[in-house]
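Have a look at the structure below before the remarks.
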2 protein chains.
Amino acid sequence: MNNKIILIVDDESQIRKLLEINLENQDYKVLMASTGEEGIHMAASHQPDLILLDLGLPDINGHEVLKQLKTWYMKPIIILSVQNSESDIIKALDNGAEDYLCKPFRTGELLARIRNAMRHAEVNNHDNKIQTGLLCIDLNTRTVSVDQEIIKLTSTEYQLLTLLASNQGKVLTHQFILKQIWGPSFVEETQYLRVYIGQLRKKIEINSNDPKHIVTESGVGYRFF
Amino acid sequence: MNNKIILIVDDESQIRKLLEINLENQDYKVLMASTGEEGIHMAASHQPDLILLDLGLPDINGHEVLKQLKTWYMKPIIILSVQNSESDIIKALDNGAEDYLCKPFRTGELLARIRNAMRHAEVNNHDNKIQTGLLCIDLNTRTVSVDQEIIKLTSTEYQLLTLLASNQGKVLTHQFILKQIWGPSFVEETQYLRVYIGQLRKKIEINSNDPKHIVTESGVGYRFF
DNA sequence: TCCCTTTTTTTATATAATATTTATAATAAA
DNA sequence: TTTATTATAAATATTATATAAAAAAAGGGA
């Protein structure tokens, strides 16, 4: 359900553990780094949706880490720090931190502030597309296009196409497809499948008499390319 | 230089005075209200750029004031409260407060958090209009116009339109829309949706029999263009 | 408070879209 | 060639959607 990734950058292993447990409890995926350098690298390689950054790191000064991250990292950074000094708070916020929490913090409050930050970030999800030849299936927007032209598919047609397409190159048996899309009691209704495969071919194939995307495996099933 | 207006809603006159001096020092224009009702009215009539809201008001509960404001006030609301209880903080943030500060607060920190909030609002201000064809939705002023003509929408109609429009090109399922707008227990009430989609089309489509903006995806949901 | 207006919810029904069935033609395998 | 399998078109059944309009609920002043 929740697949947001949070990166924790903190040198105290107890704090990391505590955060890890609580965040995973909320179904966040958790990444951890114990130094500033490691944190920056992990942020770059994993593109987390939010960073929890401790200011008191062993290698680089936390404010410096924040500044570096802010040059390219667009998502929220929440500062966690034992330093309760006003100048630190002001500096961090003015450097673009999303929020500032003093340790020891209350878990519930932290979680609420994380939700708050995520809401602010509300960046649209990265796209999830299957592209092959002129055919493009955008699983995110649920749009199918052939040569840039958007094709209208019924619900069943779309389900069938995505089932085939997400198993590209693999033969799916009639029974398997029928079970997946119509349900277990329809495994004998091969004719349904033929009708729908025909409709799909008319819509997505350049020449539906010579299908390149949905190939028949006689006596077995269909295969998508 | 700075012509931002800040509304202070607090019943303690000393706090109001303290805030007023410090904020005017930073060239903010300051408005003040000492009750929840007065605060809501001033927010409506003066459209301040930020609201500092005390939770402990004499007339209406602060959380209630926050909720009411959030139904139409789009700019940041920072909570100031003597109540340091975690549940209060969580409640306020989840109700859409921009930030939460406990009294007594440090002036410098408050000013930094105000700058931070203003920055967020700034970002939000940039792409606050959704324009497509003759239709224009201004999320900032909460106005919808077709061919320059302002259209009157009910609260639900507006929520529905903005939900669809902020996911342009993407199919939103009936269940998703119902959950977002009516709440999780309404996911079965597809007929509500049909009625409202019909009303919206009558208002925003050039020809509501041939809708170009809100497209039906039969058996699935609706899609906005 | 009551009355009036606006909005939401409910109900009914016509229409449109999709799913299923049937019939038959085309194709591939034995 | 014969048989099994697949493809296609078209008829029918089913389900989903659009729309109007009535009923109920919620707001908004005097």
Side-chain angles (χ1 to χ4, degrees), chain A residues 142 144 151-161 163-164 171-175 177-178 180-183 185-205 207-224, chain B residues 37 40-41 44 60 64 67-68 71-72 142 144 151-161 163-164 171-175 177-178 180-183 185-205 207-224:
Chain A
R142 201 188 170 286
V144 177
I151 301 300
K152 200 168 176 328
L153 298 182
T154 73
S155 170
T156 312
E157 286 164 3
Y158 180 79
Q159 282 180 266
L160 177 55
L161 179 62
L163 178 63
L164 288 163
V171 182
L172 301 183
T173 65
H174 303 130
Q175 289 86 341
I177 299 172
L178 285 161
Q180 291 297 310
I181 293 179
W182 279 270
S185 56
F186 289 73
V187 289
E188 304 292 320
E189 306 284 354
T190 341
Q191 182 56 18
Y192 285 18
L193 201 44
R194 297 204 183 100
V195 171
Y196 275 90
I197 290 288
Q199 288 172 358
L200 266 181
R201 281 175 175 156
K202 263 196 278 189
K203 291 183 179 183
I204 68 165
E205 300 282 0
N207 174 8
S208 70
N209 293 102
D210 177 24
K212 300 293 186 201
H213 287 305
I214 302 177
V215 176
T216 303
E217 296 290 337
S218 194
V220 188
Y222 297 92
R223 190 201 296 267
F224 180 88
Chain B
E37 193 175 7
I40 290 171
H41 279 124
I60 321 172
E64 198 44 52
K67 263 195 220 159
Q68 275 194 239
T71 61
W72 58 270
R142 203 190 170 285
V144 176
I151 301 301
K152 197 172 177 315
L153 297 182
T154 72
S155 164
T156 311
E157 286 164 3
Y158 179 79
Q159 281 181 267
L160 177 55
L161 179 61
L163 179 63
L164 287 163
V171 177
L172 301 183
T173 64
H174 302 128
Q175 290 88 337
I177 299 171
L178 287 161
Q180 291 296 311
I181 293 180
W182 279 270
S185 56
F186 289 75
V187 289
E188 304 289 319
E189 305 285 354
T190 340
Q191 183 57 16
Y192 285 18
L193 201 44
R194 297 204 184 100
V195 172
Y196 275 89
I197 290 287
Q199 288 172 359
L200 268 180
R201 279 176 176 156
K202 263 196 276 188
K203 292 183 179 183
I204 68 165
E205 299 282 0
N207 173 9
S208 69
N209 292 102
D210 177 24
K212 301 293 187 203
H213 288 305
I214 302 177
V215 176
T216 303
E217 296 287 337
S218 192
V220 187
Y222 296 92
R223 189 202 297 266
F224 180 89

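Every value quoted in this text rests on a predicted model; they were computed, and no experiment measured them. Just so we're on the same page: letters track the sequence lines, and every chain starts at 1. Computed from heavy atoms alone, side chains included, the values below leave out hydrogens, waters and symmetry copies.
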* Asked: Side-chain N or O of H174(B) less than 4.0 angstrom from OP1 or OP2 on dT17(D)?
  -> yes
* Spacing of L160(A) atom CG and L200(A) atom CG [to the nearest 0.5 Å] -> 5.0 Å
* If you measure from CG on L161(B) to CD1 on I197(B), what distance do you get to the nearest 0.5 Å? -> 9.0 Å
* Asked: What pair of heavy atoms forms the shortest contact from T216(B) to K152(A), and how long is it?
  -> O-NZ, 4.3 Å
* **OP1 or OP2 of dT5(D) under 4.0 Å from side-chain N/O of T190(A)** => no
* Nucleotide dT19(D), atom P - distance to CZ of R201(B) in whole Å -> 7 Å
* Mind telling me whether H213(A) and F224(A) have parallel, tilted or perpendicular rings, with 30° and 60° as the class edges? => parallel
* Asked: Looking at R194(B), does any N or O in its side chain come under 4.0 Å of the phosphate oxygens OP1/OP2 on dA18(D)?
  -> no
* Interatomic distance, Y158(B) OH vs dT7(C) C1' [rounded to whole Å] -> 18 Å
* Asked: In whole Å, what is the span from the CD1 atom of I197(A) to the C1' atom of dT27(C)?
  -> 17 Å
* d(CG, L160(B); P, dT7(C)) in whole Å -> 15 Å
* Asked: Does N209(B) make a side-chain N or O approach to OP1 or OP2 of dT19(D) shorter than 4.0 Å?
  -> yes
* To do: To the nearest Å, give me how far apart CG (L193(B)) and C1' (dA18(D)) are.
  => 12 Å
* To do: Locate the shortest heavy-atom distance separating L163(A) from L172(A); write the atom from each residue and the value.
  => O-CD1, 3.8 Å
* Structure fact -> L200(B) CG to dT7(C) P, in whole Å, measures 13 Å
* Asked: Would you call L193(B) and I181(B) a side-chain contact if the rule is heavy atoms closer than 4.5 Å?
  -> no
* **OP1 or OP2 of dA20(D) under 4.0 Å from side-chain N/O of K202(B)** => yes
Protein-nucleotides 15-22 of chain C N/O pairs under 3.5 Å:
residue, atom, partner, partner atom, Å
dA19(C), OP1, T156(A), OG1, 2.2
dA19(C), OP2, T154(A), OG1, 3.0
dA19(C), OP2, Y196(A), OH, 2.9
dA19(C), O5', Y196(A), OH, 3.0
dT20(C), OP2, W182(A), NE1, 2.8
dT20(C), O3', Y192(A), OH, 3.4
dT21(C), OP2, Y192(A), OH, 2.4
dT22(C), O4, Q191(A), NE2, 3.4

* Is atom CD of E37(B) surrounded by more than 12 heavy atoms (other residues, nucleotides or ligands) closer than 6.0 Å? -> no
* Taking the side chain as every heavy atom from C-beta outward, state whether W182(B) and E189(B) have any pair of such atoms under 4.5 Å apart. => no
* Once you round it to whole Å, what is the distance between C1' of dA28(C) and CG of D210(A)? -> 16 Å
* Structure fact -> The residue among Y192(A), F186(A), Y222(A) that forms ring pair (Phe, Tyr, Trp, His ring centres under 6.0 Å) with H174(A) is Y222(A)
* How close or far is atom P of dT17(D) from atom CD1 of I214(B), stated in whole angstroms? -> 14 Å
* Structure fact -> Its contact letters, B for base, S for sugar-phosphate only and - for none at protein heavy atoms under 4.0 Å, make nucleotides 22-30 of chain D read ---------
